[in-house]
2 protein chains.
Amino acid sequence: MTYRLSLNTATTKHWTLEQAVAGAQHAGLEAVGLWRDRVAEAGLENAARIVRDAGLRVSSLCRGGFLSAADPEGIAAALEDNRLAIREAQALGTHELIMVVGGLPACSGPSSAAIPDGDKDIVAARRRVSERIGELVGYAREHGVRLVLEPLHPIFAADRAVLSTLGQCLDVAAEFAPQEVGVVVDTYHVWWDPQLADMIARAGREGRIASYQICDWTLPLAADALLSRGHVGDGYIDFPTITHWVTEAGYTGDIEVEIFNEAIWDTPGEQTLTTMKERYDLLVAPYL
Amino acid sequence: MTYRLSLNTATTKHWTLEQAVAGAQHAGLEAVGLWRDRVAEAGLENAARIVRDAGLRVSSLCRGGFLSAADPEGIAAALEDNRLAIREAQALGTHELIMVVGGLPACSGPSSAAIPDGDKDIVAARRRVSERIGELVGYAREHGVRLVLEPLHPIFAADRAVLSTLGQCLDVAAEFAPQEVGVVVDTYHVWWDPQLADMIARAGREGRIASYQICDWTLPLAADALLSRGHVGDGYIDFPTITHWVTEAGYTGDIEVEIFNEAIWDTPGEQTLTTMKERYDLLVAPYL
């Protein structure tokens with residue numbers, strides 16, 4: 001039987017790709033989700049070989065995206081970087097390229113001016129993201145790669161992703177075939193959504209669930225909200241229920257643990273993997 | 001012509017109710033939004049008299065709610081406190097009682113235990129909130145008060161409000177008459193919502209917009225996310241666009257500035273009022 005738990009390498013941030021692969025293999029996992037920084041560090045061909053030699057699946061590559069720029073140079077740079085990410089995904093043998101689409105373009109941080117004059121038109125930024133996805137889909141298809149839209153928690157709407165809900169991602173995806181554009185269900189980002197049950201079911205019906213990522217919403221928020229994630233079970237998310245919905249929707253792929261958290265990063269990777277497996281066995285696996 | 005800008009007393013936190021009323025009046029405002037703590041401090045009858053003598057409208061009373069308890073004692077206490085808030089709203093001469101409905105009941109903070117066993121069933125918590133609203137509506141109607149559901153930003157879904165979107169609040173409100181249950185459009189909480197334009201229009205069609213509250217989403221987040229609000233124009237929110245939507249939806253009532261922010265609280269109230277008016281005149285009033 002397939003063991004579906006996958007280590008996203010962001011969870012063991014201080015491990016090189018080689019260490020993460022060895023750690024996952026040693027822990028009995030069959031898959032890893034890779035981040036591009038660690039792939040670049042190892043070298044693309046070498047990274048692909050390391051994973052292949054270990055006999056692991058690559059559940060996804062994180063990440064493409066940041067497509068909301070309004071200026072020609074910004075648009076060209078984003079398209080070029082995403083084509084590179086698509087080629088990397090192909091070389092690594094994964095079908096799923098996770099896309100964090102980007103925030104408001106000209107509001108990259110807090111302004112000290114009384115009235116910042118950055119571009120705050122979120123409706124237009126979303127339209128540009130859709131257009132860029134359309135421009136990348138053909139290239140991705142040629143490389144056997146699916147663009148996987150990730151809705152990010154609305155806490156990140158200003159600076160990181162103007163796609164905030166699963167329904168919104170499905171609306172963007174609807175223009176394309178399911179094997180071209182998918183969505184990821186990341187519990188941390190979507191657990192609060194009143195339409196979550198319906199939208200997971202819809203994503204399943206439409207054949208678009210490309211990844212299920214799990215980590216918990218903990219409080220108080222970390223000083224850097226990006227790092228405010230916890231192990232499954234340490235926070236407020238109802239994993240049995242959401243896992244049940246994802247299962248009912250027909251998803252049978254890998255389940256990645258992706259945690260950004262300083263304290264977990266400072267924990268030995270082996271221990272993190274042990275905790276991951278315990279929590280998965282207790283709060284996720286029984287509901288698959 | 002009515003001047004629609006209203007000072008919510010949370011914005012000038014260090015002012016007593018009497019000081020806030022005097023400050024608002026001196027600044028040429030015609031309305032104040034009151035918090036119950038400052039009303040209690042002044043005494044209900046006295047507070048009502050102070051506002052009446054100043055000739056100001058009370059745009060809303062903040063707040064009732066916290067209705068998500070699952071235990072009989074918690075439910076009874078919540079209903080009792082909300083009936084008190086309803087009587088206070090009537091005494092103060094406002095029709096609009098803002099309701100922050102409460103978060104997950106048994107997850108009141110971070111747990112040091114490995115696997116907290118609190119109640120994480122957000123679907124059930126939402127159902128209880130709807131039931132409690134139903135139990136309060138008759139009492140509110142008898143007192144000429146409308147229960148105004150406030151969707152809170154999903155950052156607060158765990159600990160403060162299981163209603164996160166305007167659409168969700170409208171769905172809860174749909175069981176009741178528009179004069180019984182309304183909604184508030186608070187830019188800070190809803191600006192990111194991909195369905196915002198549609199849901200503001202729907203709220204208008206259904207006659208449920210009871211209040212329009214304005215403040216900005218600023219970054220980085222404050223250590224206490226609750227206090228991470230800025231003056232209109234200091235952050236990422238597109239006030240002209242949202243104000244246009246609210247206007248098109250037919251809202252003609254007061255527009256409250258409600259800001260929780262330590263730096264603004266430490267600023268003399270007169271200066272805060274000056275900034276409020278400048279920003280309102282620049283980014284809101286032209287779009288009404």
Q: Tell me, side chain or backbone of A:S164 under 4.5 Å from chain B's heavy atoms, or both, or neither?
A: side chain
Q: Taking every heavy-atom pair that is under 4.5 Å apart, which of B:H231, B:R126, B:E278 has the most such pairs with chain A?
A: B:R126
Q: Enumerate the residue pairs fulfilling side-chain hydrogen bond (donor to acceptor under 3.5 Å, both in side chains) with a member in residues 185-200 of chain B, sequence neighbours excluded, ordered by first and then second residue.
A: B:H189-B:R229
Q: Find out whether B:W217 and A:I155 are in side-chain contact, i.e. whether some heavy atom of one side chain is under 4.5 Å from a heavy atom of the other.
A: yes
Q: Do any side-chain atoms of residues 263-273 of chain B form donor-acceptor pairs under 3.5 angstrom with protein atoms, and if so which ones, sequence neighbours left out?
A:
residue, atom, partner, partner atom, Å
B:W265, NE1, B:A10, O, 2.8
B:W265, NE1, B:I259, O, 3.4
B:T267, OG1, B:A263, O, 2.8

Q: If you look at every heavy atom in B:K120 and A:D216, which pair is closest and at what distance?
A: NZ-OD2, 4.5 Å
Q: Considering only heavy atoms from C-beta outward, does the side chain of A:L219 approach that of B:D159 to under 4.5 Å?
A: yes
Q: Contact part of A:V123 toward chain B, heavy-atom cut-off under 4.5 Å: side chain, backbone, both or neither?
A: side chain
Q: Taking the side chain as everything from C-beta on, heavy atoms only, tell me whether B:I122 gets closer than 4.5 Å to A:D238.
A: no
Q: Counting only non-hydrogen atoms closer than 4.5 Å, does A:I237 touch chain B with its backbone (N, CA, C, O), its side chain (CB onward), both, or neither?
A: backbone
